Each structure stands twice: as structure tokens, then as C-alpha cells.
Amino acid sequence: MNLVLLGPPGAGKGTQAKLLEDSRSLVKLSTGDMLRAAVAAGTELGRKAGDIMERGQLVPDDLVIGLIAERMDKDGGGHGFILDGFPRTIAQAEALDRLLKERGKKLDMVIAMEVDDDGLVARVAGRFACAFCGEGYHDIYKPPKVEGVCDRCSSAGFLRRQDDNEEVVRSRLEAYHAQTEPLIDYYTRQDKVRTVDGMADIATVQKEIGRALDGEGRKGAKNGAKTPG
Ligand code: AP5
Ligand code: MG
């Protein structure tokens, strides 16, 4: 099963991708994580992408398509891929179809996470992650069980993302509505979209996605292409 998690910044794509990776043995491909790793490592790609990410704009298609192709070959994809944050443009969606086809695979489902813009800024502003294992947290919605200690690896260092401030989140939301939201129509025409209510709590969203994957989900985008999450 190869699936795309589609939704604006803070919709919960990364949170749910991690849960699916753990529960369904799928390989998570997150372009945001890959780009942040390139920035941290100071590679040529990281130098090209860093400023663009800090402004909340999209990195050029050819760079992220190259990243995904490389990782598909490196990671194999066993039971399938979960794509988190890719594709984000029609050109990327067409490239994904091509990349999967070349590897004898196909895209099975697109989970559209429906959320409202107002709730997202608070979600993103409260986010932090373990500096060692990357486990994601939120000040209010998902604090570590023991304050200051990572649930997963017990280390005590945490990081916040540079693009997680209100001004940049607004730019990321604009980029989402202008360039990524049209993908809902693109995939609806292929009958691949299942919607979940991304405003529900993390466990409820996880259950809804599980139902969609097991063939019981809501078909299509509830609100059309306007607010698909
Ligand atoms: P990327 O890293 O993909 O960021 P994003 O799309 O803006 O999404 P986020 O990671 O902010 O949100 P999320 O949906 O993963 O939410 P999360 O699960 O963390 O991209 C960053 C940048 O890289 C882009 O701006 C662009 O520049 C570049 N880029 C990346 N991919 C690209 C591409 N394909 N093409 C071009 N450029 C690209 O959840 C958020 C918080 O809320 C967390 O703290 C979490 O604990 C909490 N939370 C999650 N779910 C819930 C819930 N149901 N209830 C309450 N809290 C919740
Ligand atoms: Mg993410």
C-alpha cells in the first residue's frame, strides 16, 4: 500500500506518518525531514533549500523529486511508502506517478486531512521534537509523559523548527492553498481521495486513517477543493 498524506502545515501529517510507520511497517518518506537534514548537514541541496524554507515557500520541484527518487531506491519500500509532504504541486504529483510506475508500483490512496487554518497556527507554534530521535511533541496536545524527558529515547534535549513562527506559518499556509490544494481535485479525478477530520484528537485521527486504509473510510473531499485539510 502506497499512500500520500495531504494537508496544510500542522495538519498532523508527520504525526500520523510516524504512527503508520510503526503500526503498518510502511516506509515514511518526508520531504520536509529530508530537507531539514540537508540544511543541518550543510550540503549543496541544504544551502539551496534553507532560505526558501525559512520564508515558508516551496523548494523547486526538481530538487524534491530527486530526493524522493533517491530515497525510494535506498529504502526499498517493503510493504509500501507513506509520503508525508510530497507531492505538493501538480508537477510533483505527475512525477510521483512516474517514479512509482518505473518501480512497478502505484499510488493506492490519498488521505486528505481536513483542518481549519485558525487551529493550525496554535498547533505549529506549540510543536517541538526530541533532538536525538526526532520524536514529535506539542506543548499542550502531546507533552512528554515525564516533563523534559523524551518518551521514546529518554534523552533530555529538544528542538523547535525555525519555520514554526506565526509569520512563516502564514506563508506556508498561502503556499499550501495556492500550490498544493489543487491536488485534491487531481486525485479526486483518480478516485483516490479519502478524507479524515484532522481537527479530532491524535488517536481519533489515527483510527479514522486506519478505517480508510481498511476500506471503510469516507470517499472524496467533503468540502470539495476549498478546505480539504
Ligand atoms: P514540512 O516539514 O512538510 O512542513 P509542513 O507541510 O508545513 O507541515 P508540518 O510538518 O508543519 O505539519 P504536519 O502536518 O507534519 O504536522 P505535525 O504532525 O508535525 O515542510 C517544511 C518546508 O519544507 C516547506 O515549507 C517547504 O519549504 C519545504 N518542502 C517540504 N516538502 C516539499 C515539497 N514536496 N516541495 C517543495 N517544498 C517542500 O503536527 C503539528 C503539531 O500538532 C505537533 O506538535 C503535533 O504533536 C500536534 N498534533 C498533530 N496532530 C494533532 C491532533 N490531531 N490534535 C492536536 N495536536 C496535534
Ligand atoms: Mg511534518
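Hydrogens, waters and symmetry mates play no part in the numbers below; they use all other heavy atoms, side chains included. These numbers were taken from a predicted model, which means no experiment stands behind them. Along the sequence shown, residues carry numbers from 1. Just follow the structure's listing: the first ligand is 1, and inside any ligand the first atom is 1.
Within the 4.5 Å cutoff, the side chain of M34 has no heavy atoms near those of the V64 side chain. Contact of the L6 side chain with the L83 side chain is not registered, since no non-hydrogen atoms from C-beta on lie closer than 4.5 Å.
Remark: ligand 1 and G10 share an N or O pair separated by less than 3.5 Å (distance only, no angle test). Of the N or O atoms in G85, one or more lie within a sub-3.5 Å distance of an N or O in ligand 1. For the pair A200 and ligand 1, the shortest N or O to N or O distance falls below 3.5 Å. Considering backbone and side-chain N/O of V59, one or more are found under 3.5 Å from N/O of ligand 1. Considering backbone and side-chain N/O atoms, F86 never comes within less than 3.5 Å of an N/O atom of ligand 1. Considering backbone and side-chain atoms alike, D163 places every N or O at 3.5 Å or more from each N or O of ligand 1. Where the criterion is an N or O separation shorter than 3.5 Å, residue side chain and backbone included, A11 meets it with respect to ligand 1.
Between the side chains of D201 and T204, at least one donor N or O sits under 3.5 Å from an acceptor N or O.
Counting heavy atoms closer than 4.0 Å to ligand 1, residue Q92 contributes side-chain atoms (C-beta onward) but none from N, CA, C or O. With a heavy-atom cut-off of 4.0 Å, Y137 touches ligand 1 through its backbone alone. At a heavy-atom cutoff of 4.0 Å, ligand 1 is contacted by the side chain of R172 but not by its backbone. By the criterion of a heavy-atom distance under 4.0 Å, the side chain of V64, and not its backbone, is placed next to ligand 1. Contacts between P60 and ligand 1 below 4.0 angstrom, taking non-hydrogen atoms only, are absent altogether. At a 4.0 Å heavy-atom cut-off, ligand 1 does not touch Q16 at all. By the criterion of a heavy-atom distance under 4.0 Å, neither the backbone nor the side chain of D164 is placed next to ligand 1. Only the side chain of L35 comes within 4.0 Å of ligand 1, counting heavy atoms alone; its backbone N, CA, C and O stay farther away. Only backbone heavy atoms of P8 (N, CA, C or O) come within less than 4.0 Å of ligand 1; its side chain stays farther off.
Annotation: side-chain hydrogen bond (donor to acceptor under 3.5 Å, both in side chains) contacts of K48 (sequence neighbours excluded): E44.
Annotation: atom 19 (O) of ligand 1 to nearest protein heavy atom, R127 NH1, 2.6 Å. Remark: minimum distance from atom 41 (C) of ligand 1 to any protein heavy atom is reached at R123 O, 3.6 Å. For atom 16 (O) of ligand 1, the nearest non-hydrogen atom of the protein is G12 N, 3.2 Å. Here the protein heavy atom with the shortest distance to atom 49 (C) of ligand 1 is T15 OG1, 3.4 Å. Of the protein's heavy atoms, R88 NH2, 2.5 Å lies nearest to atom 6 (O) of ligand 1. Nearest protein neighbour of atom 15 (O) of ligand 1, counting heavy atoms only, is G14 N, 2.9 Å. Considering only non-hydrogen protein atoms, atom 10 (O) of ligand 1 sits nearest to R161 NH1, 2.9 Å. The protein heavy-atom contact nearest to atom 22 (C) of ligand 1 is M53 CE, 3.9 Å.
How far CZ of F158 is from CZ of F132: 9.5 Å, rounded to the nearest 0.5 Å. Once rounded to the nearest 0.5 Å, the distance linking CZ of R36 with OG of S30 reads 6.0 Å. Atom CD1 of I209 and atom CE of M109 lie 10.5 Å apart (nearest 0.5 Å). Rounding to the nearest 0.5 angstrom, the gap separating the CZ atom in R211 from the CZ atom in R194 is 12.0 Å. Taken from CZ in R172 to CD in E167, the straight-line distance is 12.5 Å, to the nearest 0.5 Å. In this structure, the separation between CE on M1 and NE2 on H79 is 12.5 Å, given to the nearest 0.5 Å.
Interface of Q57 with ligand 1, defined as ligand atoms under 4.0 Å from a residue heavy atom, comprises 26 (C), 27 (O). In the vicinity of T31, heavy-atom distances shorter than 4.0 Å reach the ligand 1 atoms 30 (C), 31 (N), 32 (C), 33 (C), 34 (N). Heavy-atom proximity to Y141, at under 4.0 Å, picks out these atoms of ligand 1: 55 (C), 56 (N). When each atom of ligand 1 is checked for a heavy atom of G198 under 4.0 Å away, the hits are 53 (N).
Using a 4.0 Å cut-off between charged nitrogen and carboxylate oxygen, R127 and D164 count as a salt-bridge pair. We find that K28 and D75 are not joined by a salt bridge, their nearest charged nitrogen and carboxylate oxygen being 4.0 Å or further apart.
Between V169 and the options D163, L120, D117, V124, a side chain to side chain contact (heavy atoms under 4.5 Å, CB included) holds for only V124.
Geometrically, K192 does not engage Y187 in a cation-pi contact, judged by NZ or CZ lying under 6.0 Å from the ring centre and within 45° of the ring axis.
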Audit row: M199, R123, side-chain contact (heavy atoms from CB on, under 4.5 Å) steps and yes/no: CA-CA 10 Å; M199 296 310 289; R123 267 204 199 168; 4.3 Å; yes
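Using cut-offs of 30° and 60° on the angle between ring planes, the pair F128 and Y137 is parallel.
Compare K142, Q179, R36, K13 by their heavy atoms: the one nearest to atom 2 (O) of ligand 1 is in R36. For atom 46 (O) of ligand 1, the choice among M34, E135, Q206, H138 with the nearest heavy atom turns out to be H138.
Of all heavy-atom pairs spanning A212 and I111, the tightest one is CB-CD1, 3.9 Å.
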